[in-house]
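Note sheet for the following structure.
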Amino acid sequence: MQQQMDLLADLTTPQREAVTFQDGPMLVLAGPGSGKTRVITHRIAYLISQGVKPGNILAITFTNKAAQEMRQRVQALSAPPGSTICTFHSLAARLLREFADRAGLARDFSIYDEADQKSALRQVLKLCEMDSQNYPPRRVLTHISKWKNKFITPELLNPDELDFFDNRVALIYKAYQGYLHSNVALDFDDLLMRLALLLRDDQEFRDQLNSRYRYILVDEYQDTNSCQYQIARGLALNHSNLVVTGDPDQSIYGWRGADIGNILAFEEDYPQAYIVRLEENFRSTPEVLTLADQIIKANYRRKDKQLFTVKSSGPPCELVEYYDEKEEAQGMVRWIQQCRHESLQYRDLAVFYRVNSMSRALEEALRRDRIPYQIVRGIEFFQRREIKDLLAYLRLLINPSDQVALRRIINQPTRGIGNTTVNRLFDHCQSTGLDIQLVLADPEQVATLKSTAKSRVKKFSELIRHLQEQADNSVSQIVQLVYEKSGLARFYDEEKNEDAVNNVNELCNSAALYENESPDPSLADYLQQIALISDTDAYDDQAGCVNLMTLHAAKGLEFPAVLIVGVEDGLIPHSRRDEGENDIEEERRLLFVGLTRAQEKLTLSYARNRMQQGSKKACIPSRFVRNIPSLVCHTSEYDYSFDDDSNDFSNLDSDDSSAQDWESNPDDDILSFNSLARGQLIRHPSLGVGRIQKLSLVRDNPKAEVQFRSGLRRTLYLKYAHLEPLDPRDD
DNA sequence: GGTCCAACATTTTTT
DNA sequence: ATGTTGGACC
């Protein structure tokens, strides 16, 4: 009883309603910073205190990080353990493994990430005799993914309703599924789709799960796709004890099939649903909230809500203009230093950007000033060549049919088994119907192979068999053994590839860590966990450093001070998404998510010029932040033209040389230079009239940055561009 | 069969 | 600007 009092002690009325709501469907509309996680964790603890068995509770989150945090917070409420708190994908992987026979799967299926999918698709295209020029793997995979996310299996596609290209992709889709099946592999989308299918078609399975999970909570419901929607529905079909929480304004995954309609239509799906609105914000200052509200209210597809905060006033939100991305990065450094003067710690600070590639310029500036930072980009490590190779060996031990893994490592390190040999091996499998492992073990039967190739293949097969015999060892021991016996260790050693060696060591550490933390460690489970790691999982709130991440990765986090860089048209909204109004609204929500991460201080910035794919582009501030009354806008007060690394000529006297001198001595750098100074009005033969913003030397070549009347801004080398100085009086 | 170089795509976001 | 892929050459 005492415990129950504590559980409800400092909750607001709507929070308490959500926590104590007993049976049936409920929708919790939770604005940013409204204590949503708190409600979920307290609800789990509350249900248990009411006699619900922990094992009957299932909470589904979107990221492993969120699941982990939720688990810790439930534990902190001294609730007994045993409830299931995981992501959709890990739930699916777990259940499909547990009920593999019902699902028509082998227990030890591989999970294919994007790279694996791509490699699989390339093979499929070859089998279908289609070329990757007309059917770019990436594009095809996106297409297939969209179908899968909509819960559309290949059989469901009607050729008559598809255009030519879609019909071809549908064929590839079918072949790709067949290929994955023969590889005993599922991709990310398959995990969800297969679970959704099983729930739909296998009543016994569904009933069993319905009684196992009696209370279901789905977080971030606004980001669910059709499969996830069907899973949630199917899991609660018999009891309808389904609580979903989310915020339509934070739906940012439409591009990967999430349907904001799922949350908007929850009340229609469950007419008896109880609805709770959490509108009180405990995170941000009124300044931050006002700005976020002014921006998001331009959206049409939303549920209007009245956000309010109890927090006291803070500094105004600012929008700062910079010349280019480099200066924006320097501006970031000064922003960080200023925050520190305001007695904030590094770990209190976060910098968000729209695309990963923008982190480069920021990183350089941070390194130069020795500011500690972490980039929230978790999968990067697991995509490194050496890590993927080692993992492919491990995968092959668990799932010998995994052709993608086999192709990856059969000649890594090089053992004289080239592409031709591999293709001949698989051709032989195809024509005889034999399993690849059998053929590898007995290459003599492959008539097309030369004897050298045969003996090499045989040797490789023996290596794999030898490694398979080590399966009794602990996970970390297996990792170590495979690393050494595969020849990778010697290979990197001889190559003096220190990075690779260090990274492999780190993988060994991760395996050891897994071993210690997992209640029931196994290699298969370890591989599954790794396969489902995401970027956002990398955020370490204990690290004492500035946090850099994409706007997407920022969801669910909060920081005392937030800087969002690159708030420009073309980035937010991104240029690839400014067709449909739905896309624009999602981009606006993405900015909204970023804004509402800030607790105290919120700064936005944009650059007038940005280097993209090797060329410089002129930029304008994002349409989302134009004419926003509560946003204080200013150009960076710092005059950059005086502290560039390159030489600066802006202080040279421009009066002792005339236009005639420039024209008569076009080859004389100094003289011609003197006629052109910063602020000088000029005419370019084709670009028209403009003003020089900055002069500098690049490897002894004088360079001018010119702002033209047309709005165009260009960097011009005086050597090539004939700039004619104009008298201001002609202006 | 392996290695090296050139052309090509690629960068929007991610489980 | 960078990483990947495919082709030419060894």
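Because only heavy atoms are used, hydrogens play no part in the values below, and waters and symmetry mates are left out as well, while side chains stay in.
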Would you kindly give the CD1-to-C1' distance between A/Ile572 and B/dT13, to the nearest whole Å? 11 Å

Within this structure, what is the CG-CD1 distance for the pair A/Asn262 and A/Ile260, rounded to the nearest 0.5 Å? 10.0 Å

Same-atom distance (C1') from B/dT11 to C/dG6, integer angstrom: 22 Å

note: A/Lys65, atom NZ; B/dT14, atom P; distance rounded to Å ~ 16 Å

Between B/dT13, C/dT2, B/dT3, spot the one nearest the side chain of A/Arg360, thanks. C/dT2

Of all the choices, B/dG2, B/dG1, B/dT13, which nucleotide is nearest to the side chain of A/Thr420 once you look at every atom? B/dG1

Quick one: label A/Ile417 by what it contacts on the DNA or RNA (base, sugar-phosphate, nothing), any heavy atom closer than 4.0 Å. sugar-phosphate

Candidates C/dG6, B/dT14, B/dT12 - which lies nearest the side chain of A/Arg122: C/dG6

Using modelled atom types only, decide if a donor and an acceptor are shared between the side chain of A/Asp108 and the backbone of A/Ala524 within a distance under 3.5 Å. no

Under a 4.0 Å N-O cut-off, is there an ion pair linking A/Arg138 with A/Glu114? yes

Checking only heavy atoms, does the side chain of A/His89 share a donor-acceptor pair with the base of B/dT15 at less than 3.5 Å? yes

Nearest-Å distance for atom pair CZ/P, residues A/Arg385 and C/dT2: 18 Å

Would you kindly check whether a donor in the side chain of A/Trp255 faces an acceptor in the base of B/dT13, or vice versa, at under 3.5 angstrom? yes

Decide if the gap between the ring center of A/Phe592 and the ring center of A/Phe624 is smaller than 6.0 angstrom. no

Centroid-to-centroid, A/Tyr253 to A/His552, below 6.0 Å? yes

For the side chain of A/Asn356, starting at C-beta, report the closest nucleotide among B/dT14, B/dT12, B/dT15. B/dT14

Please report, rounded to the nearest Å, how far the P atom of C/dA1 is from the CD atom of A/Glu363. 18 Å

Judged by each residue's nearest nucleotide on DNA chain B, which is more toward the 5′ side, A/Thr421 or A/Leu192? A/Thr421

Going by modelled atom types, is there a donor-acceptor pair between the base of B/dT11 and the side chain of A/Arg576 at under 3.5 Å? no

Ring-on-base stacking between A/Tyr253 and B/dT14, under 5.5 Å between centres and under 30° between planes: is it there? no

Euclidean distance, atom CD of residue A/Gln117 to atom P of B/dT15 [Å, nearest integer]: 13 Å

